[in-house]
Amino acid sequence: MARATRDLVGELVRNALELAQADGALPPIQPIELRIERPKERDHGDYACNVALRLASSVRRPPMEVAEVISERIMRSAPIADVSVAPPGFINIALDPEWQRTQLLSVIEAGDQWGRIDLGAGRRVQVEFVSANPTGPLQVGNGRGAVLGDALAAVLDAAGYQVEREYYVNDAGAQIRLFGRTLNARYQQQFGREAAMPDGGYQGAYMIDLASQIKDEVNDRWLDDSGDPPAELSDRGLALMIEQIRADLALLRVEFDHWQRESALYDGDASTYSIAMQQLRDGGMVVEKDGAVWFRADELGDDKDNVLIRSSGEPTYFASDVAYHYDKFLLRGFDTVIDVWGADHQGHVARTKAAVSAVGGDGDALEVLLYQLVHLRRGDARVRMSKRTGEIVTLRELIEEVGADAARFFMLQRSADAQMDFDLEAAASADPRQNPANYVRYAHARCASVLRAADEAGLAPSSDRLDLLQEPQEAELVSEILRLPELVADMAAKREPHHITQYAQSLAQAFTQFYDHCRIVVAEEPQRSSARLTLTQASQAGLASALRLIGVEAPDAM
RNA sequence: GCCCCCGUAGCUCAGCUGGACAGAGCAACGGACUUCUAAUCCGUAGGCCGGAGGUUCGAGUCCUCCCGGGGGUGCCA
């Protein structure tokens with residue numbers, strides 16, 4: 001378990017600040033949050049701190065002077081080699097190159113787990129994502145939620161949280177009944193009967209496939225003239241549909257720890273649902289109006305009340321959600337729950353947080369990560385996602401066209417907030433210039449290839465003379481490799497896993513530049529070769545770690 | 001109407017909870033292969049960060065208004 005270098009540096013700066021106050025060079029001040037940044041400009045060192053600028057007005061001294069006072073008191077010992085002050089008041093910090101090179105050994109030891117930190121301290125986080133209705137196959141948009149949620153879970157796991165990935169299966173309610181009636185119609189049609197599709201029934205051909213499959217399994221055993229579909233038929237269809245969804249997600253390399261059934265919330269006399277509803281009633285959070293039961297969400301931050309139980313007596317989807325979040329927080333005791341939703345559910349955020357508070361949880365412990373729509377393109381041509389035009393619609397079709405690696409990498413290149421254009425042509429291309437997933441994969445494969453070539457030449461990695469790594473490309477590569485732990489910290493804290501793709505490209509580029517400028521395997525220079533092989537091993541570990549977080553394979557040859 | 005997201009290079013997008021001259025990839029142009037994978041690398045060009053005010057020592061980043069794109073606003077999910 002590594003500590004991010006940034007944290008080590010931050011500690012030394014904080015010590016210097018406290019020392020300055022202790023010896024009277026600075027007046028006592030309110031403790032402030034120290035932020036250590038990576039300057040954009042290489043000349044400004046490895047890290048920079050703006051604490052002097054932020055302190056200047058409260059201590060009534062010029063920023064440059066404050067910076068000097070702090071800078072003088074920063075220990076010039078590993079990992080720090082040099083500290084300088086630059087206008088208007090930045091403290092610039094250069095790391096000790098020798099110390100950095102030594103860190104490569106930890107990287108190699110960590111392998112594809114490099115970057116792991118202890119920010120989360122084992123706190124339990126649930127990430128619930130996809131959770132699409134099991135009334136049809138997953139669509140392309142569900143793929144974005146799948147990749148986003150899975151990568152976020154991976155990042156949180158790397159940051160030291162105890163993470164559970166969950167899929168919520170809406171297997172109750174009106175939609176499921178409609179699913180059953182549709183399937184029943186299709187099933188009867190399998191036997192040449194004239195069965196009308198229900199109003200608003202599911203038109204997709206997949207329903208015919210389901211009916212056909214069930215006919216193969218049980219023949220005419222579930223034919224029923226009463227009008228309502230036999231429960232066995234509906235249940236079997238649902239099971240097949242859920243299995244298909246699970247298989248589609250597995251193709252994307254997304255797997256869940258737990259599939260939570262909505263129907264299970266209603267099981268038994270003391271069901272989760274009834275307990276949660278009682279909780280709301282006891283708290284005076286419900287009101288009856290027009291024969292329906294409403295949640296008084298406006299008292300807890302939402303802008304309007306919401307129906308929990310229809311006048312027909314049937315609970316709404318929202319009522320299930322209340323029970324579900326009661327289950328998450330009060331029964332299962334997660335410290336934090338992150339729901340990953342499509343942006344079209346944006347209107348449900350306030351009421352769901354309010355519901356968490358109303359059932360005795362902490363509304364702020366529920367975080368909702370919204371992601372925007374995905375549009376498909378082929379080069380310059382917009383791909384219309386509609387069943388009528390026969391164009392690509394389902395997640396499975398997308399994966400079959402571009403592969404899981406490209407699908408995951410591309411889906412993760414944008415922030416969740418931004419609408420996304422997904423270029424099928426680029427994603428399907430093997431060319432690394434079109435397809436950055438391949439650029440990174442290729443860099444990893446090249447590491448493996450170089451290590452094989454070295455082995456054949458009788459050269460082995462060694463840390464004896466890492467001081468021979470003096471080229472600028474080597475220093476840059478070392479720095480880039482060592483950056484991962486703090487990136488993990490940032491991604492985890494901000495719930496923004498998409499930065500990992502940019503990092504992976506940047507690391508791959510640093511390695512490729514090193515490879516291009518520095519001959520690694522040179523029999524006549526065994527010591528330098530061995531040092532460079534160590535750097536190659538660490539690069540491979542770094543690339544493998546980044547690719548693992550993205551969920552893309554790290555091949556040894558391409 | 002009200003609420004949420006977005007508007008940064010020709011294109012697709014980053015920009016670290018305000019910081020040092022605005023970045024990447026692709027596309028464009030010019031170079032580099034007797035070499036461990038050229039599936040690569042080096043260089044050039046390209047921007048009033050949608051517009052107008054404001055806060056600040058400092059704004060792509062925060063506030064207000066306007067323009068443009070998307071989503072939401074059901075006893076649907």
Side-chain angles (χ1 to χ4, degrees), chain A residues 33 35-41 43-44 48 50 53-54 56-57 62-63 86-90 92 132-133 135 170 173-175 200 289-294 303-304 306-312 314-318 320-321 342-350 370-373 375 377 379-380 410 413-423 426 430-436 438-439 441-443 445-454 456-457 459 486-487 489-491 493-494 496 498-499 501-502 505-506 509 512-513 515-522 529 532-533 536 557-558:
Chain A
E33 191 195 357
R35 286 192 53 218
I36 307 292
E37 310 186 313
R38 275 194 178 253
K40 279 176 267 186
E41 196 61 36
D43 297 342
H44 296 142
N50 66 354
L53 288 158
R54 303 175 56 131
S57 65
F90 288 103
N92 291 329
N133 282 326
T135 52
N170 296 114
Q175 288 206 127
K289 194 168 61 187
D290 306 328
V293 178
W294 300 68
D303 53 0
K304 60 177 171 44
N306 294 100
V307 171
L308 287 163
I309 304 171
R310 299 178 179 92
S311 48
S312 67
E314 185 176 14
T316 61
Y317 172 89
F318 174 52
S320 291
D321 248 17
D344 54 340
H345 288 67
Q346 164 261 127
H348 297 176
V349 175
L370 297 172
Y371 61 90
Q372 301 290 321
L373 296 179
H375 295 122
R377 294 188 309 158
D380 292 332
F410 275 62
Q413 278 188 290
R414 313 287 175 244
S415 93
D417 283 341
Q419 290 181 37
M420 180 169 68
D421 269 23
F422 190 111
D423 187 349
D431 183 353
R433 285 186 304 250
Q434 302 288 322
N435 182 349
N438 274 354
Y439 181 76
R441 280 158 40 89
Y442 188 70
R446 183 174 259 170
C447 290
S449 167
V450 169
L451 290 166
R452 281 193 300 269
E456 283 167 24
L459 290 167
E486 65 194 50
L487 181 70
D490 289 341
M491 291 191 297
K494 299 178 69 181
E496 289 182 353
H498 70 278
H499 299 288
T501 52
Q502 202 166 312
Q505 286 182 85
S506 161
Q509 185 173 37
T512 309
Q513 288 169 344
Y515 171 87
D516 198 71
H517 288 91
C518 307
R519 179 82 196 170
I520 300 168
V521 179
V522 181
S529 280
R532 286 181 171 169
L533 287 167
T536 302
M558 283 177 77

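Throughout, a chain's letter reflects where its sequence line sits, starting with A, and its residues are numbered from 1. Keep in mind that what you see is a predicted model, and the values were worked out from it rather than measured.
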Report the nucleotide, chosen from B/G72, B/C75, B/A14, that has the shortest atom-to-atom distance to any side-chain atom of A/A418.
B/A14
Under 3.5 Å for both donor-acceptor distances, Watson-Crick or wobble: does B/A32 have a partner, and if so which one?
B/U40
Under 4.0 Å: is that the gap between some side-chain N or O of A/R532 and OP1 or OP2 of B/C36?
no
Between B/G68 and B/A28, how many Å separate the two C1' atoms, rounded to a whole number?
29 Å
dist A/N438:CG -> A/M558:CE (nearest 0.5 Å) comes out at 4.0 Å
Under 4.0 Å, counting only non-hydrogen atoms across every strand here, what does A/P63 touch: a base, just sugar-phosphate, or nothing?
nothing
Under-3.5 Å donor-acceptor pair between A/N50 side chain and B/G19 base:
yes
Verify the stacking flag for A/H345 against B/G72: centroid separation must be under 5.5 angstrom and the ring planes must differ by under 30 degrees.
no
Ignoring hydrogens and angles, are the base of B/U37 and the side chain of A/Y515 linked by a donor-acceptor pair under 3.5 Å?
no
Just call it for A/E486: base, sugar-phosphate, or nothing, with non-hydrogen atoms closer than 4.0 Å on any strand.
nothing
B/C3 and B/A59, which share atom name P, separated by this distance in whole Å
28 Å
Rounding to the closest angstrom, what is the interatomic distance between B/A14 and B/C57 at atom P?
32 Å
Between P on B/U56 and CZ on A/R54, what's the gap in Å once rounded to a whole number?
17 Å
Assuming nearest nucleotide by heavy-atom distance, tell me which of A/A453 and A/R310 is located more 5' along RNA chain B.
A/A453
What are the two closest non-hydrogen atoms of A/D423 and A/F410, and how far apart are they?
O-CE2, 4.2 Å
Both distances under 3.5 Å, Watson-Crick or G-U wobble: report the partner of B/A20, or none.
none
Inter-nucleotide C1' distance (B/U12, B/G54), Å rounded
33 Å
Should the heavy atoms of other residues, nucleotides or ligands under 6.0 Å from CZ of A/R452 be counted, would the total exceed 12?
yes
Pick base, sugar-phosphate or nothing for A/Q175, based on heavy-atom distances below 4.0 Å to the nucleic acid.
sugar-phosphate
Shortest non-hydrogen contact from A/L53 toward A/P88
CD2-O, 3.7 Å
Using whole Å, what does the distance between atom P of nucleotide B/G25 and atom CE of A/M420 come to?
21 Å
Atom CG of A/L487 and atom C1' of B/G15 are separated, to the nearest Å, by 13 Å
Working to the nearest 0.5 angstrom, can you tell me the gap between A/Q505 CD and A/Q413 CD?
5.5 Å
Under 3.5 Å on both distances, the Watson-Crick or G-U partner of B/C62:
B/G54
Taking only side-chain nitrogens and oxygens of A/Q513, does any of them come within less than 4.0 Å of OP1 or OP2 of B/C42?
yes
With rounding to the nearest 0.5 angstrom, report the NE2 to CG distance, A/H345 to A/L370.
10.0 Å
How close do A/I520 and A/T536 get, counting heavy atoms only, and between which atoms?
CD1-OG1, 3.7 Å
What interatomic distance, in whole Å, is found between P of B/C42 and the corresponding atom of B/A24?
12 Å
For B/G25, take OP1 and OP2 only and decide whether either is under 4.0 Å from a side-chain N or O of A/Q509.
yes
What is the distance from CG of A/N438 to C1' of B/U40, rounded to the nearest Å?
14 Å
Compare the aromatic ring of A/F90 with the six-membered base ring of B/A20 and state whether they stack according to the 5.5 Å and 30° rule.
yes
Identified pairing partner of B/G68, criterion: Watson-Crick or G-U wobble below 3.5 Å
B/C6
If you compare every side-chain N and O of A/S415 against the phosphate oxygens of B/A14 (OP1, OP2), does one of them come in below 4.0 Å?
yes
Would the base of B/C75 count as contacting A/S311 through its side chain, where contact means a donor and an acceptor less than 3.5 Å apart?
yes
When both distances are under 3.5 Å in a Watson-Crick or G-U wobble arrangement, the nucleotide paired with B/U73 is B/G1
Which residue lies more 5' along RNA chain B, comparing A/D43 with A/R452 via nearest heavy atoms:
A/D43
I want to check one thing: is the phosphate of B/A39, taken as OP1 and OP2, less than 4.0 Å away from some side-chain N or O of A/R441?
no
Compare every heavy atom of A/L487 with every heavy atom of A/H499, then report the nearest pair and how far apart it is.
CB-CD1, 4.1 Å
Rounding to an integer number of Å, can you tell me how far A/D516 CG sits from B/U40 C1'?
6 Å
Interatomic distance at C1', B/C13 relative to B/A22, whole Å
14 Å
Per atom distances to the A/K494 side chain, the nearest of B/G15, B/C16, B/C3 is B/C16
Rounded to the nearest angstrom, tell me the gap between atom CG in A/D421 and atom C1' in B/A14.
16 Å
Residue A/R433, side-chain atoms from C-beta onward, closest of B/A27, B/A38, B/C36:
B/A27
Taking OP1 and OP2 of B/C21, is either one under 4.0 Å from a side-chain nitrogen or oxygen of A/K40?
no
Atom P, compared across B/G23 and B/C67: separation rounded to whole Å
33 Å
Send over the distance from A/D417 CG to B/C3 P, rounded to a whole Å.
18 Å
Taking CZ from A/R35 and P from B/U61, how many angstroms apart are they, rounded to a whole number?
16 Å
N or O in side chain of A/H375 less than 4.0 angstrom from B/C6 OP1/OP2
no
Separation between the P atoms of B/U35 and B/C48, rounded to whole Å:
45 Å
